[in-house]
Every structure is written in structure tokens, then in C-alpha cells.
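Worksheet for the structure shown next.
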Amino acid sequence: MITLNARKKVAALSCAIAFLNLSLFAIAGEMKNDASTKQNRIEIKDFAFNPQTITVKSGETVTWINRDEEPHTIVSVGKQFKKSTALDTDQEFTITVGAPGTYDYFCSVHPKMTGTIVVAK
Ligand SMILES: [Cu+2]
């Protein structure tokens, strides 16, 4: 009898552990989802991209917002993403980054304005 009871306890415990593992897995999955929908924002202010270099993960989005009174554009040096139209004040431009690598970009209106997106795996 003692052996049977012990076995039942072990079975119940295994069940509980399995359930806990599943719950943890679900939580981890949700956290991963949150990370992949994270918004990476770059402000354009005083003729500069802020931050000038940003590190993001492949599949994430990057959004620029123009806080200047001047129009600015975002153009990929290596054509890694479509170029923006001229952004007016408070206008935004969003891309989804693809393959890992370094994406250099500049403003075609003011070519001295440059920035870099580092795309990690
Ligand atoms: Cu500009």
C-alpha cells in the first residue's frame, strides 16, 4: 500500500511539473512576442538622427519621426529598404528590417545627416 501511495504521489508530482513547464513555456512565448513587436524609434532633430546608431533584431520595425521644421528623407546607402518620401514636421516613416547586417542610411536633402541600423539575428 505504501508503495502504491508513493507511486501516486510521484505521478501527481510529475503531472504538476509538466503543467508548470507548459505554463512557463507559454509565458516565455508571450515575452518573445512582446520583444518582436517592440517599437524602435529614431527622432530627427536639429539635422541629426537620434540615436545615430540603433541595434534591432531581424523582423522588428524601425520608425523615424521628423521633429524639425525642415523636410528630411531616409535613404538606405545599400538599398536595403525602400526610401522614404520627404517627411514633414511630425511625420513618421516605418520599415521592417530584414536580413541581419549593418544598414547605413542618410538624408538625401542633407547628405551629411547619416545613421546606422545594426540588425542582429
Ligand atoms: Cu535632412
Side-chain angles (χ1 to χ4, degrees):
M1 275 312 251
I2 290 161
T3 321
L4 195 65
N5 273 340
R7 273 189 188 165
K8 273 184 184 169
K9 275 183 189 169
V10 167
L13 205 63
S14 300
C15 246
I17 288 167
F19 182 74
L20 206 66
N21 273 343
L22 272 178
S23 304
L24 286 175
F25 192 72
I27 290 165
E30 271 173 35
M31 283 169 73
K32 197 175 168 232
N33 254 346
D34 280 350
S36 64
T37 52
K38 179 182 112 196
Q39 277 268 322
N40 302 290
R41 296 181 73 84
I42 299 169
E43 268 202 354
I44 309 169
K45 184 103 180 82
D46 300 328
F47 297 85
F49 296 106
N50 234 311
Q52 196 181 23
T53 300
I54 193 168
T55 301
V56 305
K57 281 184 185 160
S58 183
E60 287 183 353
T61 60
V62 176
T63 300
W64 287 262
I65 183 158
N66 183 9
R67 298 296 192 196
D68 274 344
E69 299 294 320
E70 291 285 318
H72 296 294
T73 66
I74 295 104
V75 181
S76 167
V77 173
K79 296 191 169 80
Q80 284 146 307
F81 55 85
K82 66 175 166 78
K83 69 176 183 184
S84 75
T85 56
L87 301 183
D88 290 327
T89 305
D90 292 333
Q91 201 179 346
E92 295 186 2
F93 174 64
T94 299
I95 62 161
T96 300
V97 296
T102 302
Y103 296 21
D104 290 317
Y105 65 89
F106 64 101
C107 168
S108 60
V109 187
H110 316 98
K112 282 185 180 168
M113 292 175 60
T114 60
T116 302
I117 304 167
V118 178
V119 182
K121 275 182 192 172

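Side-chain atoms of D68 come within 3.5 Å of backbone atoms of D46 as a donor-acceptor pair (strictly under, hydrogens ignored). Here the side chain of N40 pairs no donor or acceptor atom with the backbone of V56 at under 3.5 angstrom. With hydrogens and angles ignored, the 3.5 Å screen pairs a side-chain donor or acceptor of Q80 with a backbone N or O of T102. In this structure, the side chain of S58 engages the main chain of G98 through a donor-acceptor pair within 3.5 Å.
Atom CZ in F106 sits 8.5 Å away from atom NZ in K83 (nearest 0.5 Å). For the atom pair CZ of R41 and OG1 of T61, the computed distance is 9.5 Å after rounding to the nearest 0.5 Å. If you take CG on D88 and CD on E69, they are separated by 10.0 Å, rounding to the nearest 0.5 Å.
Hydrophobic clustering places I54 together with I95 (ILVMFWY residues linked when any side-chain heavy atoms are closer than 4.5 Å, directly or through intermediates). There is a path of hydrophobic side-chain contacts, each under 4.5 Å, that joins I42 to F81.
Residues forming a side-chain hydrogen bond (donor to acceptor under 3.5 Å, both in side chains) with E43 (at least two apart in sequence, or on another chain): R67.
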* To do: Could you walk me through whether F93 and K82 pass side chain to side chain contact (heavy atoms under 4.5 Å, CB included), step by step?
  => CA-CA 10 Å; F93 174 64; K82 66 175 166 78; 3.8 Å; yes
* Might you work through the side chain to side chain contact (heavy atoms under 4.5 Å, CB included) test for F49 and I74, ending with a clear yes or no? => CA-CA 10 Å; F49 296 106; I74 295 104; 4.1 Å; yes
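T114 has its side chain out of reach of Y105: every pair of non-hydrogen atoms, C-beta onward, lies at least 4.5 Å apart. You'll find the side chain of Q39 reaches within 4.5 Å of the side chain of T63, heavy atoms only. Between V97 and V62, the closest side-chain pair of non-hydrogen atoms falls below 4.5 Å. With contacts defined as side-chain heavy-atom distances shorter than 4.5 Å, the pair M113/I44 qualifies.
Judged purely by distance below 3.5 Å, without hydrogens or angles, the side chains of S108 and T73 pair a donor atom with an acceptor atom. Checked by atom type, the side-chain pair Q91/N66 shows no donor-acceptor distance below 3.5 Å.
Here the two rings, on H72 and F47, have centers that are under 6.0 Å apart.
Listed here is the closest heavy atom pair of K121 and K57: O-CG, 3.9 Å.
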